[in-house]
S.K.: 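To start, I am sharing the structure in question, which I have written as structure tokens.
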Amino acid sequence: MRRDFLAANAGKRAPMPGFVLLVHDRGDGDPAIRVGFTVTKKIGNAVVRNRMKRRLRALARELLPAGGIRGADHVLIGRDGGIERDHGLLKAEFAKALGKIARGEDSPSRPRGPRKARR
């Protein structure tokens, strides 16, 4: 749901070259690891965005069961260069991002300035 994605945006963040990982502890007592994916239209057309989401899903299937944080929502936001990056490199970056979050080494959220007018 949208509110879960917005709550994750207020949580811990680990930016990597191919994606940004957001993690938000739900605090509801449920130990389930939940995951969501976002790829904006800035990345490309629907084919490119869906390909990026498939790559992110594959990473999550491989690494979240062992490295994810129990009782937290994990959101992967695809970045522009992520579609061309090697799968092994993305996997290493995802493992590094999970480790950073687990150690509490998250990056501060980026400051939001005034938005540009849409045409």
Side-chain angles (χ1 to χ4, degrees):
M1 295 174 83
R2 178 167 167 75
R3 83 175 150 210
D4 295 328
F5 280 88
L6 293 174
N9 198 35
K12 296 179 180 180
R13 97 182 18 246
M16 294 288 147
F19 60 88
V20 176
L21 173 65
L22 306 176
V23 178
H24 178 257
D25 184 10
R26 291 189 309 274
D28 60 1
D30 183 8
I33 296 174
R34 297 193 318 183
V35 63
F37 307 94
T38 301
V39 181
T40 67
K41 289 184 178 182
K42 292 179 193 176
I43 304 302
N45 63 18
V47 173
V48 172
R49 292 192 313 269
N50 286 332
R51 210 163 120 218
M52 185 67 199
K53 282 192 260 188
R54 281 195 304 272
R55 297 189 83 199
L56 294 174
R57 278 189 203 104
L59 288 173
R61 266 193 307 274
E62 288 181 58
L63 297 176
L64 273 183
I69 297 165
R70 302 263 172 230
D73 291 337
H74 299 68
V75 176
L76 286 160
I77 303 171
R79 282 189 159 176
D80 199 12
I83 199 71
E84 294 92 18
R85 293 184 81 75
D86 178 61
H87 180 74
L89 187 57
L90 276 176
K91 186 175 177 179
E93 290 171 353
F94 189 44
K96 181 179 176 182
L98 286 170
K100 279 181 152 185
I101 296 289
R103 291 187 304 271
E105 299 174 12
D106 66 315
S107 297
S109 8
R110 109 190 125 131
R112 295 283 184 168
R115 289 189 164 196
K116 294 179 183 176
R118 285 192 166 167
R119 294 181 197 207

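Reckoned from all heavy atoms, side chains included, excluding hydrogens, waters and symmetry mates. Counting begins at 1 with the first residue of the sequence. Note that the coordinates shown come from a computational prediction; the quantities given were computed from them, not determined experimentally.
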S.K.: Do L21 and K100 touch side chain to side chain, with heavy atoms closer than 4.5 Å?
M.R.: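 In short, these two side chains do not touch, never coming nearer than 4.5 Å.
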S.K.: Are L90 and V35 connected in the hydrophobic side-chain network, where two residues link if heavy atoms are under 4.5 Å apart?
M.R.: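 Yes.
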S.K.: Which heavy atom of L76 sits nearest a heavy atom of A60, and at what distance?
M.R.: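 Taking L76 first and A60 second, the nearest heavy atoms are CD1-CB, 4.4 Å.
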S.K.: Hey, could you give me the CZ/CG distance between R70 and D30, rounded to the nearest 0.5 Å?
M.R.: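 R70 CZ to D30 CG: 10.5 Å, rounded to 0.5 Å.
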S.K.: Going by the rule salt bridge (Lys or Arg N to Asp or Glu O under 4.0 Å), which residues pair with D28 if we only count those two or more places apart in sequence or in a different chain?
M.R.: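 Here the qualifying residues are R26.
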S.K.: My understanding is that only residues two or more places apart in sequence, or in another chain, count here; which of them pass salt bridge (Lys or Arg N to Asp or Glu O under 4.0 Å) with R51?
M.R.: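 Once residues adjacent in sequence are excluded, R51 has no partner under the salt bridge (Lys or Arg N to Asp or Glu O under 4.0 Å) criterion.
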S.K.: Between atom NZ of K91 and atom NE2 of H87, what is the distance when rounded to the nearest 0.5 Å?
M.R.: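 One finds 6.0 Å between NZ of K91 and NE2 of H87.
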S.K.: Are V20 and I83 joined in one hydrophobic group, where the rule is that I, L, V, M, F, W and Y side chains link up if heavy atoms are under 4.5 Å apart?
M.R.: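 Different clusters.
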S.K.: Can you give me the closest heavy-atom contact between L63 and A95, atom names plus distance?
M.R.: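 Smallest heavy-atom distance, with atoms named: CD1-N, 3.9 Å.
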S.K.: Which pairs, with at least one residue in residues 16-52 and sequence neighbours excluded, count as a ring pair (Phe, Tyr, Trp, His ring centres under 6.0 Å)?
M.R.: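 Listed once each, the pairs are F19-F94.
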S.K.: If only atom types and distance count, is the side chain of R79 paired as donor or acceptor with the main-chain N or O of M16 below 3.5 Å?
M.R.: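 Here the side-chain-to-backbone pair exists.
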S.K.: When you group the ILVMFWY residues by side-chain heavy-atom contacts below 4.5 Å and let the links chain together, are M52 and L59 in the same group?
M.R.: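 Same hydrophobic cluster.
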S.K.: Does one hydrophobic cluster hold both I101 and I33, with members joined at side-chain heavy-atom distances below 4.5 Å?
M.R.: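 Linked within one cluster.
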S.K.: Are L98 and L22 co-members of a hydrophobic cluster defined by side-chain heavy atoms under 4.5 Å apart?
M.R.: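 In one cluster: no.
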S.K.: For R3, does the CZ atom sit with more than 12 other heavy atoms under 6.0 Å from it, leaving out its own atoms?
M.R.: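 No, because the 6.0 Å sphere around CZ of R3 holds 12 heavy atoms or fewer from other groups.
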S.K.: Using 0.5 Å steps for rounding, measure from the CG atom of N9 to the CG atom of D4.
M.R.: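 Between N9 CG and D4 CG, I get 12.5 Å after rounding to 0.5 Å.
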S.K.: Got a second to check how far R55's CZ is from N50's CG, nearest 0.5 Å?
M.R.: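 Here the rounded value is 14.0 Å.
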